[in-house]
Structure formats: C-alpha cells, structure tokens
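Only one structure is covered here, and it is reproduced in the block below.
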2 protein chains.
Amino acid sequence: MAKRTGEKYDAIINAAVRVIAQYGYHQAQVSKIAREANVADGTIYLYFENKDDVLVSLFNEKMGAFISDVEKALSNVPSPVNQLRELIRLHFEYLQADAQLAIVTQIELRQSKPAVRKEIGLILKRYLGVIDRVIQDGIKDGLFREDIDVRTARRMIFGTMDETVTSWIMKDCKYSLTDQVEPMLDLFLNGLSK
Amino acid sequence: MAKRTGEKYDAIINAAVRVIAQYGYHQAQVSKIAREANVADGTIYLYFENKDDVLVSLFNEKMGAFISDVEKALSNVPSPVNQLRELIRLHFEYLQADAQLAIVTQIELRQSKPAVRKEIGLILKRYLGVIDRVIQDGIKDGLFREDIDVRTARRMIFGTMDETVTSWIMKDCKYSLTDQVEPMLDLFLNGLSK
DNA sequence: AGGTATTGAATGAATGGTCATTCATTTTTG
DNA sequence: CAAAAATGAATGACCATTCATTCAATACCT
C-alpha cells in the first residue's frame, strides 16, 4: 500500500517537478523521475499508487501549501482592496519564485488525463473560494459595487491572473511578474473607461 | 504527400471533432476517427501528414474561420465600446452554437504535445491582435483611459473570456453563455469599485 | 556477545498492452 | 487498362507496471 509520506515521498515529488519542467509532461517517464530522485523505478510504487497519483500528489502538496499561505496572509489584511492586491501579489510572487513549479502547474499538468485534471480542479476550488470571499467582503464593506455578479468577477480575477502567468512562462519568464500587480489591480478596480 | 483538401479532408476533421468531444483526447485513436469518418485508417495518411497534423488542421480550419468572421463583423462597428461588446458576443455565440467544438478547442486540444500547442498558439496570435486593435482604437478615440497597458488589458479580456467558457463547459453548458456578455462588458469598462 | 531468523524496503529486468504508422493489395475512376 | 485512391492487417516502438530477488536493519535466542 502506498505510503504517501517520508523522505523519499518528498524526493519523488520534487524530482517529478524538475523532470516535468525540464522534459515536459510527455517525456517525463517514471524511470526518468526515479533516476532524478535517486530511487529505483519500483520504489515509486511503494510510495504512490501509480504515475497519476504522483502528479495529483504533486499538485496537492504544492498548491495546498500555497492556498494555506494565502488564506493566512489575507486574514491579517483589513481592507478588501488590499486583500485583492495581496492575493494577486502572492499569486505572482509564488510562481515567480519557482519557475519550474510554475511551468508544471501552469502548462504541463494541464495535459494530463481527465481523471488527474478532475482532482486538480477540486483542489483549485478552495482557491476560487478565497477569491469569492474577497469580493463578497468588498461588496459588504461598500467598497465594491453591489450590482456585480460574484462569479463573473471571480472569473475575471482568476482568468486574468492565469492568462498572465501563462504568457509570462511562454515568454521565458523574462520580465517581472510582480510588476504587473498594480496595473492589473487598477484595471480590476477602475476598468477601461475614462 | 498529404492532400489537405477535398470532401474526405473535411469529413476527417469533422469526425475528429466528434470523436474527441465524445471520447476525450486520450481515447481518440486514429482508427476511431477513421471509422467515424467512414474511411479506412490508412486513408487519413493520404490527407494528413500524421495524427498531429489532423489536430492542427482542425484548429486552423475552425479557428481561422472564426477569426475571419470576427474581423469582418468588427469592421462594420464604429465605436470601440461596441466592438468590444461584439467581440465578446461573437466569442460566446460561436462556442455556444457548437458545444462539441468548444469542448475540443477549449479542453481537449490543450492536452496535446508541445509541437501541436505551439502551432495552436500561432493561430491564436491573430485573434489576440484583433483584441489589441479594439483596445488601441478605444484609447485613440478617448473612450478608454490612455494610462492602461494594452497587453495587460488584452490579457484581462482574453483570460476572462477563456476562463468563462472553460467553466461553462465544466458545468455541462447548462446556462447561457451569451447572457454573460453585458455583465462582463460592464466589469471590463467600469471595474469593481463603486 | 555472537550468531541466526525475520521483516520489509528497495531494486531493475521483464512483461504486456496500446496505438500510430506503413505498405502490399484491392477497388474505383477516367 | 492504366493510374489514382482507398483499404486494413501487420509492424514495431514505447512505457507503465509487476514481481522475483537482494539487501539492511532489527529482534530474538543461547
């Protein structure tokens, strides 16, 4: 039965991030991940059910930690406007700090099988909930318009950040993501119109 | 040498859309696509280089037609505000009218190999150019703020539409996409702030 | 202490299933 | 009756997964 914990568990997950980031999803064979983790092919099956389980666990460990960080950080920020700023900032800072992880979660894991993507979607729901709460607080506090639809606004915030990170990666991460925080926040708050 | 035209060429592309939409990218074998097109497996290789070429051609034919429609439609619309409305409307209308195509371009083809995704990216560039032009016109006409960054705004517009279509598909297309046009346009133009 | 049994972690070569692609043959067309 | 188009069975490459075996550590005995 898969162990799901321990030193080698972490080693395999981190090896998977490096291998997938370097070779891409389709060239990340189990044997390559095993070699990178300094472990035999068969050992992976002592810690994980199968290859898909490695991918889901990877996303769960890394994204789970990120969401917890965001939740904790936002709880110390009073104004919803600053919460939104902090959310965007953390989103960009986290991925900018670990470009390999960014490539894996943003590009490569999206090529996985439906079953894997479904699990990933469930984990992401928690993050979407965090965004929703910021918007709702903003409306309650009278800072945001009460006639906006929370889901529409959430899709705008998440969709824009997601697209921004993806194109940053596609352009080889060669500009600063965090420089985008203020212009993006300004667009979200004030819109295109004069 | 691949023919890239003719009755069977279209039949194969349309069969690919149906098979991929129904079975998913990973269960869309060449033999299944051939059967759906009423053609032998080998015939596919008379019209296409290989399986990847089928996928790229599919995107090129379908998305190319869509972009041309959008370009033509916008050229008859005077105000950039109305151009933006029309762009969002066409984007949603086109995908709502053909849910199978929406599933394939929005979800399934994103699981393809890097080489295929790269081609898809090139085709999409033309569409992003259309969005950029609407924003630039809006600034020139004094309707949009001149201090916004065109690329940031473009990523907001494309990212938000993309995320909206994806979650519409994930929720089994069971609400109206086109109902989202006005609330989304309003958010783009006026933002979240009161 | 010295020796021996027991456990379970780790190994990596072998297996088996899956498909894209090919090409010798057949069918259709002009 | 050529020439072109279409066929579909056979091929071979690829890779996740398995499992018989090795190895190391710990417990148990005299």
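Below, each value reflects all heavy atoms present in this structure, side chains not excepted, and no hydrogens, waters or symmetry copies. These numbers were taken from a predicted model, which means no experiment stands behind them. Proteins come first, then strands; the chains are lettered A, B, ... in the order of their sequence lines, and each starts at number 1.
Residues A:E108 and A:Y23 bring no donor and acceptor atom of their side chains to less than 3.5 Å of each other. A:R126 and A:S68 form a side-chain donor-acceptor contact under 3.5 Å, judged by distance and modelled atom types alone.
Classification of A:D147 and B:K194 as a salt-bridged pair fails, no side-chain N sitting under 4.0 Å from a carboxylate O. Residues B:R145 and A:D186 are paired through a salt bridge, judged by an N-O separation under 4.0 Å between the basic side chain and the carboxylate.
Within residues 4-34 of chain B, the residues approaching DNA chain D are B:K8, by heavy-atom distance under 4.0 Å.
For an aromatic pair to be called close, the ring centres must be under 6.0 Å apart, and B:F66 with B:Y94 satisfies this.
For A:K113, the NZ atom sits in a loose shell: 12 or fewer heavy atoms of surrounding residues, nucleotides or ligands are nearer than 6.0 Å.
Distance alone, capped at 3.5 Å, is enough to place a donor-acceptor pair between the A:R117 side chain and the A:S112 backbone.
Residues satisfying the ring pair (Phe, Tyr, Trp, His ring centres under 6.0 Å) test with B:Y25, not counting sequence neighbours, are none.
Extent of DNA chain D lying under 4.0 Å from chain A heavy atoms, first and last nucleotide in 5' to 3' order, is D:dC15 to D:dT18.
Following rounding to the nearest Å, A:Y45 (OH) and C:dG8 (C1') show an atom-to-atom distance of 20 Å.
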